[in-house]
Amino acid sequence: MIAPAPRNIDLKKLEEKVQKFWKEHKVYEKSKEALRDKPAYYFLDGPPYASGAIHLGTAWNKIMKDAILRYLAMRGYNVRRQPGWDCHGLPIEVKVEKEMGIKNKREIEENVEAFIEACRNWALRHVEIMTSQFKRLGVWMDWDEPYMTLKDDYIESAWWTIKRAHEKGLLTRDLRVVTWCPRCETALADAEIEYAERTDPSIYVKFPVVGAENEYLLIWTTTPWTLVGNLAVVVHPDFDYVKVKTSQGKLIIAKELVHLLEDKFGLSYEVLEEFKGRELEGLQYENPLKDYIKVEAPENAYRVILADFVTLGEGTGLVHCAPGHGPEDFEAAKRYGIPAICPVDEEGRFTEIAGKYAGYKTKKDDKVIIQDLSKKGALLKAEHITHRYGHCWRCKSPIIYRATEQWFIAITKLKEKMLSEIERVEWIPEWAGSARFKDWISNAKDWTISRQRYWGIPLPVWVCDSCGSMEVIASKAELEAKAGKVKELHRPYVDVSFACECGGEKRRVSDVLDVWFDSGVAGWASLGYPAKEEPFRSLYPVDFITEGHDQTRGWFYSQLGCGLLAFDEVPYRRVLMHGFTLDEKGEKMSKSLGNVVTPEEVIERFSADILRFYVLWANKPWEDLRFNWEEVKVVSKMFNILWNVYVFATTYMSLDGFTPEKVPPNLRKHCRSEDKWILSKLNSVIKEVSEAFDTLHLYKATRALNEFIVEDLSRWYITLVRPRTWVEKESIDKIAAYSVLYRVLCHLAKLLAPIAPHVSEEIYQNLVASLGIGEDSVHLEKFPSPHEEYIDKELEEDMLVARGVVEATASAREKLGVKRRWPVLRLIFSPIDDRAAKAAKHLEELIKRQGNAMELVILPPGEEPAEVELVAEPNFATLGPEFKGLAKDVAEAIRREDARKLHAGIEKGYPLTVKGEEVLIKEKHVEFKKRLPENMASASFDHGVVYIDATKTREILELGYAREVVRRIQEMRKELDLAVEAYISTKVSVGDEEIVDYLEAQREYIARETRSKQLEIATQLTHEGYEKVWKIEGKEFRISIREVE
RNA sequence: GGGCCCGUGGCGCAGCCUGGUUAGCGCGUUCGCCUGAUAAGCGAAAGGUCCUGGGUUCGAAGCCCAGCGGGCCCA
C-alpha cells in the first residue's frame, strides 16, 4: 500500500533513516554487484589531503563526483568509485612537529621512526574523520577500500615510475638554484609556492670599478643579503649605458634610466660617456662588502657579464648577479665559467664563508648588510618596496633561492609531447585545456622532485659511496633481495645500504619525493600496477576526473608528467575543471576572515540533499561558487514544494486505495489534455536532464528539474488535477489522474536520485519498493529514457497559451477588483494569431475552469470585442498652428467622426468637411485611445489580449456569495479542528433579504461542501455553538456551526 | 608584465557559442489573491546605461578591438 506521507518532514532525520536503510540492506554492494559485468568506467578520485576536516569546496567536489557516478551507474556502467587520500607531505609534518613540540630537523633526526609513526597516525586519523563527513553527504564510494599514498603497494608504483624515468634518462641530479623554504629546510616545487604581498628593502648600491678613481656600477636589489654571494654584474648587450659625473662619484647606469638620479635621488649629473652594454663586458669591480666576507673569488668573478634577461622596467639596467641565489643568475654566470657559491645553509643562515655574517639569517638580518653598505659609502639609497613575493604554501615563510643538489624530472624534454597529448583530452570547459593548461605547460620548467624531508615516498635511488654508480629500485622485493628484510617503505626503514659491485656501499639518497609525484601516479598506483596486471589492463586509462582550477598546476599537471614517464601518454580522457567556493562577497573563505561555512553547518540547518542540489544548481561548475544562505533557502523551498506534491499525491492515493495495478492498460485514452501535457513535459525534462548529465553541465539538470517541479508540476498540474481527486466515487477520470501523477513521481524520483539520493529514495520506497515492484532501491534503477512519442511540443505550446490566458485573466480581475472566487460572466480572448486561437480552442474547458468564467469567447486573430470603444482625441498642438481659427471646429469634427473609420483611413489622410471646407486629417492630428465599459477590463500577454466582462448576473451573485460563505465555514471547521468527514449544523444570518435569497438558491451546494446536515439561512437567527462574524463584500455575516452526529 | 575566467535591476543567476519582436528567472520590496498540498501556495506592480568606449552589421547583452573593475594562475 502507498502510505500517506507525513505533512511535516525533517529532511535531516529522513536522510539518517535512508542511510541506515542503505547500510542494512547493503544497497551499495548490491549496486556494485548488479553492474559487475557491465561496461567498465574508470573514474579516478583526486585524493584530498588527509590533514583536516572537509570544507565546502571539498564537499562540492565530492558531491559533483557522486552525482555523476550515480548517474553513470544508473545508465548501466560498471563505475570504479574508489576514493583516494593524499597522505604524505609537509603539512602533516608541520602539524606533527607542533604536536610533538619539535622545532627543527635536528630534533626530528633524533627519532625519525617516532616522527614517521606520528605522521602516519595523523593521516589515518584524518582519513577516518573525513570519510565519515563524506558519507554524511550521501557520497557513495568504496570507503573501505580507498587508495592511500602511504601504503607500500602505492609507494612501489611510484618507485616503478621513477625507475621508468631513469630508464628514459629523464631523472637527473644537478646543482641548480631552487626555491627553498628556510623553515621547512627543503626545496619547493613551483606548485608549492604561494605569492603574496610583502614589504622588502629596495636599495641602490654602488660597486666600485677596479682601476678607476671614484667610479661605480650602480645596481639595485630587493634582497640585500644576496650581495654576499654576488659574483658578477649583468648588463644587456644592446642597451645604451652612460657614465655620468655626480656628487656621488662617476656612476654607470642605463641611459634610459639616468633620469632617476635626478628624480629619485636629487642628484644633478653630467653625462661623460655613452656606450652599448656589450662594451662593458669584462669590466672589473669590487664587492663593497669584500672586507666583511671570506668569499674566495673564483676565477672570472667580479666582472661585468652580458645577458638579455635584463629589463629597464625597474632598477638601473645593471643587475647584481649572485649565481647561488637566482636561476637566471646561475645560468648567466655559468656561461662565463663562474661557479655558483652558496654562503647560506638549509636554515637560511650564512655560513663561515660569509665572514662577519656567519650565523646571521637571510632576509631577517638584511638591515645589518644595509648598515655596512652605508658605512662603506656604497649605499646610494635605501627605501622599501611592497611587491608580490613567493612564500612556502604550507608554513607561509618567504622563500629564498639556494643553489643545491637536487633531483629533477626533465620536463623541458617532454614539453612538446605534453602539449600534443593534452589535445587528446576532452576539457570541460574547453578553455581549461586549450588555454589555461596549455599556458601553464608552455612555461613549465624541470620538475624538482626531491625534498629534504621525512614523511613522504622515499626517493628510491641508491648511490655508491665509492664508485658513485647509481641504482633505482622499483619494489620492496627488489630492495629486500639486496638489503634484507625491510619493515615497510618509509624512512627510516628504507634507509638501508647494500654492497656495490665495486666493493663499496650503496646508500639511499636521503630525500623523499615531492607529494605531487605521489598523486601523479594515482592512475595506475590506485590499481596496484605494476604489481598486479588486473584491473589495470581492463581499466586504464582513466575515463574521467574532475577537480578545481587550482589543479591545473597541481594534479592535472603531475598526472600528465607521470603519465608520460610511465606510458608515454596522458593518463586521463575527460576532465571537468570546477571552481572555488567563495563567501557571499566573493572572497575566499578562510579561518582568519571568519567567513568559513562548513558543510556540517548547511546540513544542520537544511539537509545534505539541499546542500547537494544547491551546489549543483547555483552556477556553472567551472565558475567560482559564491555561497549564499538565501539561495540555499530557495532550494529548500523547492524541496518543500516537492514534498507537498508528494504529500498531496500519497494522501489521496492512499485514501482511495490507489495502487499501480489500477493503472488502466489504455491509460492515454482516459487522459485529459493536462495529463498528456504533464507526461509530455516529463519526457522533455528527462531528455534535458540526461543531456545535461552527458555533457556534465549539471547546472542545467538541476535547473530543469527545479523548473519542472515548481512551475509545471506544482503550480500547474496539481492545481488542475486537484478537483478530480475530490470526487468521492470511483471514476476513470480520477484513476487516470492518479496514474499520471504516479508515473510522474516515480520518474521524478529516478531523475533526482543522482542529485538528491535521500529524498528520492524515500519517495521511491513508498511508491514502488514497498509495493514489491521495481528494485529494492531507486539507486538500483535504470535512469529513465525519454519516450519520444509522449513528447508533444504542440500541446506544450498550447498549454503555454492557456496558462497565459489564465494569468492574464487574473491580472484583468485585479484591475477591476474582482476576486478569483467570483466567476466572471465572459472571458474574451483576442489571440495574436491562428496558432494562439487554436491553442485556446483546444484547451477551452481548462481555461474556463481556471479562469473561473461562465463563458469563453475566442475572437478571430487580431479582432477586438465589440465593446472596445475606439476614441479619437484631437491633438491641439498640431491642429492649432495648422488650422488656426478653424482648429476648434476641426477638433469637434474629429470627435464626431466614427473613430474606427477614421483610424482605418488616416494613413493616407482622412478628408473631413468642416464649415464647408475640406480638410485632410493626418496621424499627427489625432491620438487614438481605447476605452472599455465599466464592467470590463483587459490584460495583454505574449499571445494576445484577454478581456473580462465582470457583470454580476443573478447566477454569479448566487455562486459568488455561496462560495464566500462556504469558504468561511470551512475556515471555521478547521479552527474547530473538525475531522474532514465530520458533519455539522450551520446557521448563517445576514441583514440583507437579497443575499439570503441568493444563498437559499445555493442551499444544496453550501450544505454539500460544508457537510452541513442542517442549514439555516435568514436575516435574523439565534446562533449557537461556534460563532463568528465575517465581513463579505462590505456586509456583515454571522455564522455559527456545531458538530452533529 | 603575461595567460585564463567573470562583470546583466538592491542581491544571486539564465541568456552570449549559432546577432533579430517589449532582455528572462529566483530572492527581496510593495499591493493583492487563494485556501480540502495549508506553520504552505499563487498573482501583479515597481525596479535594468546588459562595466565603459570604439568597430562590424539594416540590427549588438551577444561578434571583434581597446580600456576599466574583480577572481585565479604565472612572471
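Predicted, not measured: the structure shown is a model, and the values here were computed from it. Lettering of chains follows the sequences in order, A, B, ..., and the numbering in each one begins at 1.
Using a 4.0 Å heavy-atom cutoff across all strands shown, Val645(A) reaches at least one base atom of the nucleic acid. Residue Tyr652(A) is in sugar-phosphate contact alone, with no base atom involved, counting any heavy-atom pair closer than 4.0 Å across all strands shown. Residue Lys637(A) is classed as a sugar-phosphate contact, given heavy-atom separations below 4.0 Å to backbone atoms only. Residue-level contact check: Glu623(A) touches the backbone only, with heavy atoms under 4.0 Å from sugar-phosphate atoms and none from bases.
With distances taken from any side-chain atom of Gln970(A) to the nucleotides rG36(B), rA44(B), rA37(B), the minimum falls on rG36(B). For Ala435(A), the listed nucleotide lying nearest its side chain is rC4(B); candidates were rA37(B), rC4(B), rG15(B). Candidate nucleotides rG2(B), rC4(B), rG43(B) were compared by shortest atom distance to the side chain of Trp431(A), and rC4(B) ranks first.
Applying the 4.0 Å criterion to OP1 and OP2 of rA75(B), one finds that Lys445(A) has a side-chain N or O inside that range. Arg963(A) has no side-chain polar atom (N or O) that falls below the 4.0 Å cut-off from OP1 or OP2 of rC34(B). Proximity of Arg626(A) to the phosphate of rG12(B): a side-chain N or O atom is located under 4.0 Å from OP1 or OP2. Taking only side-chain nitrogens and oxygens, Lys620(A) comes nearer than 4.0 Å to OP1 or OP2 of rG15(B).
The distance from atom CZ of Arg703(A) to atom P of rC13(B) is 9 Å, rounded to the nearest whole Å. Atom C1' of nucleotide rG36(B) and atom CZ of Arg821(A) are separated by 14 Å, given to the nearest angstrom. Nucleotide rU35(B) holds its C1' atom 14 Å from the CG atom of Asn852(A), rounded to whole Å. Put simply, CZ on Arg820(A) is 10 Å from P on rC33(B), counting in whole angstrom units. In this entry the distance linking CG of Asn706(A) with C1' of rC27(B) reads 13 Å, nearest Å. Distance CG (Asn640(A)) to C1' (rA37(B)): 10 Å, rounded to an integer number of Å. To the nearest angstrom, C1' of rC34(B) lies 14 Å from CZ of Arg715(A). Across the protein-nucleic acid pair, Leu642(A) atom CG and rA40(B) atom P stand 17 Å apart, rounded to whole Å.
rA66(B) is paired with rU52(B) under the criterion used here, namely a Watson-Crick or G-U wobble arrangement in which both key atom distances are under 3.5 Å. Searching all strands for a Watson-Crick or G-U wobble partner of rG19(B) with both distances below 3.5 Å returns nothing. Pairing for rC25(B) is with rG12(B), a Watson-Crick or G-U wobble pair whose two hydrogen-bonding atom distances lie under 3.5 Å. Pairing for rG41(B) goes to rC33(B), judged as Watson-Crick or G-U wobble with the two contacts each under 3.5 Å.
Toward the 5′ end of RNA chain B lies the nearest nucleotide of Arg803(A), the other residue of the pair Arg803(A) and Thr552(A) mapping further downstream.
Within 3.5 Å, no donor on the side chain of Thr651(A) pairs with an acceptor on the base of rA37(B), nor the reverse. For Arg722(A) and rA37(B), a side-chain-to-base donor-acceptor distance below 3.5 Å is present, hydrogens and geometry of angles not being considered.
Nucleotides rA40(B) and rC4(B) have their C1' atoms positioned 46 Å apart, rounded to a whole Å. Comparing rC6(B) with rC16(B), their C1' atoms sit 13 Å apart, to the nearest whole Å. Nucleotides rG71(B) and rU22(B), compared at atom P, are 38 Å apart to the nearest Å. Nucleotides rU8(B) and rG15(B) have their C1' atoms positioned 9 Å apart, rounded to a whole Å. Comparing the C1' positions of rC11(B) and rG47(B) gives a spacing of 13 Å, expressed to the nearest Å. rC73(B) and rU49(B) have their P atoms separated by 34 Å, given to the nearest Å. Taking atom P on both nucleotides, rC65(B) is separated from rC17(B) by 15 Å, rounded to a whole Å. Using C1' as the reference atom, rU29(B) and rG7(B) are 25 Å apart when rounded to the nearest Å.
Electrostatic pairing of Lys633(A) and Glu630(A) counts as a salt bridge here, judged by a charged N lying under 4.0 Å from a carboxylate O. Looking at Arg703(A) and Glu707(A), no side-chain N of the basic residue comes within less than 4.0 Å of a carboxylate O on the acidic one, giving no salt bridge. The pair Glu691(A)-Lys687(A) fails the salt-bridge criterion, with no side-chain N (NZ, NE, NH1 or NH2) lying under 4.0 Å from an Asp/Glu carboxylate O. Classification of Lys1028(A) and Glu971(A) as a salt-bridged pair fails, no side-chain N sitting under 4.0 Å from a carboxylate O.
Cation-pi geometry between Arg605(A) and Trp629(A) is satisfied (NZ or CZ under 6.0 Å from the ring centre, within 45° of the ring normal).
Note that the CD1 atom of Ile411(A) and the NZ atom of Lys445(A) stand 12.5 Å from one another [nearest 0.5 Å].
Side-chain contact, Asp200(A) with Tyr389(A): no donor N or O sits under 3.5 Å from an acceptor N or O.
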